[in-house]
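The structure appears right after this line, and notes come after that.
All figures in this text were calculated on a predicted structure; none of them were measured in a lab. Proteins get letters first, then strands, A, B, ... in listed order; numbering begins at 1 in each.
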Amino acid sequence: MTDRPRCRFAPSPTGYLHVGSAHSALCNWLFARANGGEFLLRIEDTDAERNRPELTDNILDMLRWLGLEWDGEPLHQSNRFDEYRAAAERLIAGGTAYWCDCTSEQVQARNKERGGKPGYDGYCRDRGLERGPGRALRFRVPDEGVTGWDDVIRGKVSFENADIEDFVVVRSNGNPTFFLANVVDDEDTAISHVIRGEDHVNGTPKYLLLRGALGFGDPPVFAHLPFLVNAQRKKLSKRRDDVSMLNYKERGFLPEAMRNYLALLGWGPPDGVEVRPIEETVEMFRIEDVNPSPAFFDHKKLEFVNGEWIRRIDLDDFIARAREFVDGVDEQTALRALGPLAQERVKVLSELPDYFDWITEPADDTRSWDKAMKLPVAAAALDGIIDAYGDAPWERDELHARFMALAERLETSASKLQGPIRVSVTGRLVGLPLFEILEYLGRDESLARLRAGRARLA
RNA sequence: GCCCCCAUCGUCUAGUGGCCUAGGACACCACCCUUUCAAGGUGGCGGCACGGGUUCGAAUCCCGUUGGGGGUGCCA
């Protein structure tokens with residue numbers, strides 16, 4: 001093993017980067033950074049039919065957004081078919097691969113006859129077929145023996161060779177499969193640590209067998225990460241779960257929060273401090289401490305962590321990030337003025353519009369109106385506050401003081417009194433602190449809205 | 001079916017044979033603070049799946065059971 005460990009993240013551009021892949025990328029990145037190693041990127045695009053090249057851009061963009069910078073240029077498998085072919089030739093020459101012309105229908109039919117056992121039955125093993133159209137190259141798996149490894153996360157894992165079928169390494173269209181390309185690339189890029197999802201555990205013996213047949217030296221160290229699962233404890237999937245990283249970005253999750261939360265799945269900081277800069281996690285992260293059991297991707301906790309991060313960044317930074325979630329020049333001006341009040345309230349940036357939708361006119365929210373205005377004190381509250389504010393110096397503390405005085409005079413709670421006022425001014429029963437809003441709107445606009453509210457109530 | 005993996009509060013985790021009367025965090029509940037909502041503070045609820053071993057001693061080691069998940073593609 002070299003001094004500088006080398007690991008890689010190897011996504012396939014068949015979908016947007018999702019949280020499960022991001023978790024895997026993060027673990028690789030943390031491992032590399034924690035050990036002075038290198039974090040490489042490889043685009044696994046051997047299947048021309050399924051690939052969507054534009055998705056590669058999304059994957060790279062999201063990794064950058066998360067701050068997971070990689071070393072060197074990404075390797076594209078589609079550029080390396082010559083290397084894979086050369087490896088395939090060596091397998092043929094070494095007698096560990098053979099050509100097969102079985103269609104999957106034929107294989108299935110034979111399996112059904114034999115009693116429903118799935119998998120390839122080795123039909124073409126000794127037929128001595130030459131290469132030709134419609135023929136795939138299969139790896140000849142030994143009939144006996146055991147293939148295993150010592151997984152950094154799971155301990156010893158092994159498979160009986162007899163349980164492994166002869167798998168395809170070159171498709172009948174001439175393209176290599178994942179197994180071949182993966183092994184060849186890891187060797188050529190001197191990968192020392194393969195850190196990937198649990199779904200690859202079953203494929204690892206094939207990886208090892210292939211390496212052996214190709215005459216490669218000591219295999220890399222393996223670490224199979226736990227799945228991220230949904231509430232039903234099933235592996236997160238893009239079909240049924242909310243997993244697109246781009247989606248989270250667009251909803252106002254901060255990259256600092258996202259990677260912070262992801263680092264908490266399958267691993268915990270030894271000192272128990274969960275919300276912290278990633279640099280600190282780098283210092284503490286050890287891949288062997290990752291635990292093997294699946295982790296539920298908990299939106300509630302993600303939101304909590306995000307809220308913590310929103311409060312952690314400085315005000316200018318907050319406003320800069322918040323701007324793209326708040327439409328309208330007037331709203332953005334208000335955001336600048338009232339930013340600190342919003343910053344301590346939201347968990348996700350996409351909540352912001354609701355805090356600023358009263359700028360040009362009160363928001364239309366009948367539920368809020370009904371709830372506030374059904375209070376017996378509503379009319380007196382509005383009359384009283386309009387009167388009290390008529391000649392008031394227009395600043396927060398004074399508005400508050402006169403409000404409290406009115407509450408005392410009307411023998412009602414401040415909590416009840418603010419309802420009708422807030423709804424008249426903003427249209428909503430919840431929102432930023434009332435007196436800051438009044439101060440911001442100014443005397444004329446505030447009084448006009450209060451009078452309009454009073455008129456509507458009557 | 002076969003193969004493989006997993007198993008501490010609802011959730012994420014700490015725990016690597018005695019420090020465990022199992023710790024922290026999220027969520028939830030209550031109270032405090034309070035102009036709403038948040039934030040903050042205090043407290044509460046709640047767990048070692050089960051059965052056998054090993055050991056003076058087991059959440060920690062072994063075996064089995066049960067439960068869950070994954071793989072079983074000429075996808076990756």
Closer than 4.0 Å, any side-chain N/O of [X] to the OP1 or OP2 of [N]?
{"X": "A/Arg311", "N": "B/A39", "result": "no"}
{"X": "A/Arg171", "N": "B/A76", "result": "yes"}
{"X": "A/Lys235", "N": "B/G71", "result": "yes"}

Using a heavy-atom cut-off of under 4.0 Å over every strand shown, decide if [X] touches base, sugar-phosphate, or nothing.
{"X": "A/Ser415", "result": "sugar-phosphate"}
{"X": "A/Glu344", "result": "base"}
{"X": "A/Glu308", "result": "sugar-phosphate"}
{"X": "A/Gly119", "result": "sugar-phosphate"}
{"X": "A/Lys416", "result": "nothing"}
{"X": "A/His224", "result": "nothing"}

Can you tell me how the ring of A/Phe435 sits relative to the ring of A/His400, calling it parallel under 30°, perpendicular over 60° and tilted otherwise?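 It falls in the tilted class, 30° to 60°.
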Atom [atom1], compared across [N] and [M]: separation rounded to whole Å:
{"N": "B/C12", "M": "B/A7", "atom1": "C1'", "result": "15 Å"}
{"N": "B/A39", "M": "B/C28", "atom1": "P", "result": "9 Å"}
{"N": "B/U66", "M": "B/A58", "atom1": "P", "result": "26 Å"}
{"N": "B/U54", "M": "B/G46", "atom1": "C1'", "result": "32 Å"}
{"N": "B/G68", "M": "B/C26", "atom1": "C1'", "result": "23 Å"}
{"N": "B/G51", "M": "B/A25", "atom1": "P", "result": "31 Å"}
{"N": "B/U13", "M": "B/U8", "atom1": "P", "result": "9 Å"}
{"N": "B/A59", "M": "B/A22", "atom1": "P", "result": "10 Å"}

Nucleotide nearest [X] when distance is taken to its side chain, options [options]:
{"X": "A/Arg240", "options": "B/G70, B/A25, B/U36", "result": "B/G70"}
{"X": "A/Pro292", "options": "B/A76, B/C6, B/U35", "result": "B/C6"}
{"X": "A/Asn202", "options": "B/U72, B/C3, B/C75", "result": "B/C3"}

Is the aromatic ring centre of A/His200 closer than 5.5 Å to the centre of the six-membered base ring of B/G70, with the two planes inclined by less than 30°?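 No, aromatic ring not over the base.
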Does atom [atom1] of [X] have more than 12 heavy-atom neighbours from other groups under 6.0 Å away?
{"X": "A/Arg52", "atom1": "CZ", "result": "no"}
{"X": "A/Glu408", "atom1": "CD", "result": "no"}
{"X": "A/Tyr123", "atom1": "OH", "result": "no"}
{"X": "A/Tyr440", "atom1": "OH", "result": "yes"}

What are the residues of residues 153-169 of chain A, sorted by number, that bring a heavy atom to within less than 4.0 Å of RNA chain B?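 Those residues are A/Arg154, A/Val157, A/Ser158, A/Phe159, A/Asp163, A/Glu165, A/Val168.
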Contacts of type side-chain contact (heavy atoms from CB on, under 4.5 Å), residue A/Ser413, not counting sequence neighbours: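 A/Ser413: side-chain contact (heavy atoms from CB on, under 4.5 Å) contacts with A/Ser415, A/Lys416.
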For [X], give me all partners under salt bridge (charged side-chain N to carboxylate O under 4.0 Å, His left out), at least two apart in sequence or on another chain.
{"X": "A/Asp397", "answer": "none"}
{"X": "A/Glu395", "answer": "none"}
{"X": "A/Glu274", "answer": "A/Lys301"}
{"X": "A/Asp151", "answer": "none"}

Could you list the protein-to-nucleotides 10-15 of chain B atom pairs, N/O on both sides, closer than 3.5 Å?
unit_1	atom_1	unit_2	atom_2	d
B/U11	O3'	A/Arg233	NH2	3.4
B/C12	OP1	A/Arg233	NH2	2.4
B/C12	OP1	A/Phe296	N	3.0
B/C12	O2'	A/Leu264	O	2.8
B/U13	OP1	A/Gly266	N	2.3
B/A14	OP2	A/Asn291	ND2	3.2

So which pairs with a foot in residues 340-359 of chain A pass ring pair (Phe, Tyr, Trp, His ring centres under 6.0 Å), sequence neighbours left out?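 As it turns out, there is no ring pair (Phe, Tyr, Trp, His ring centres under 6.0 Å) pair with a partner in residues 340-359 of chain A once direct neighbours are skipped.
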Return the nucleotide paired to [N]: Watson-Crick means purine N1 to pyrimidine N3 with N6-O4 or O6-N4, wobble means G-U with N1-O2 and O6-N3, both under 3.5 Å.
{"N": "B/A7", "value": "B/U66"}
{"N": "B/C33", "value": "none"}
{"N": "B/C2", "value": "B/G71"}

Without decimals, in angstroms, what is the distance between A/Asn260 CG and B/A25 P? 15 Å
Excluding sequence neighbours, so at least two apart, what forms side chain to side chain donor-acceptor pair (under 3.5 Å) with A/Gln418? A/Arg422
Can you find a donor-acceptor pair, distance only, under 3.5 Å between A/Ser104 side chain and B/C74 base? no
Applying ring pair (Phe, Tyr, Trp, His ring centres under 6.0 Å), name anything that partners A/Phe227, two or more places apart in sequence or on another chain.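 Per chain and number, A/Phe227 pairs via ring pair (Phe, Tyr, Trp, His ring centres under 6.0 Å) with no residue.
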Every protein N/O within reach of nucleotides 45-48 of chain B N/O, cut-off under 3.5 Å:
none

Judged by each residue's nearest nucleotide on RNA chain B, which is more toward the 5′ side, A/Val170 or A/Phe435? A/Phe435
5' precedence on RNA chain B between A/Phe178 and A/Tyr355 (nearest-nucleotide basis): A/Tyr355
Please set out all donor-acceptor pairs under 3.5 angstrom arising from side-chain atoms of residues 367-379 of chain A, sequence neighbours excluded.
unit_1	atom_1	unit_2	atom_2	d
A/Ser368	OG	A/Asp365	OD2	2.8
A/Ser368	OG	A/Leu429	N	3.1

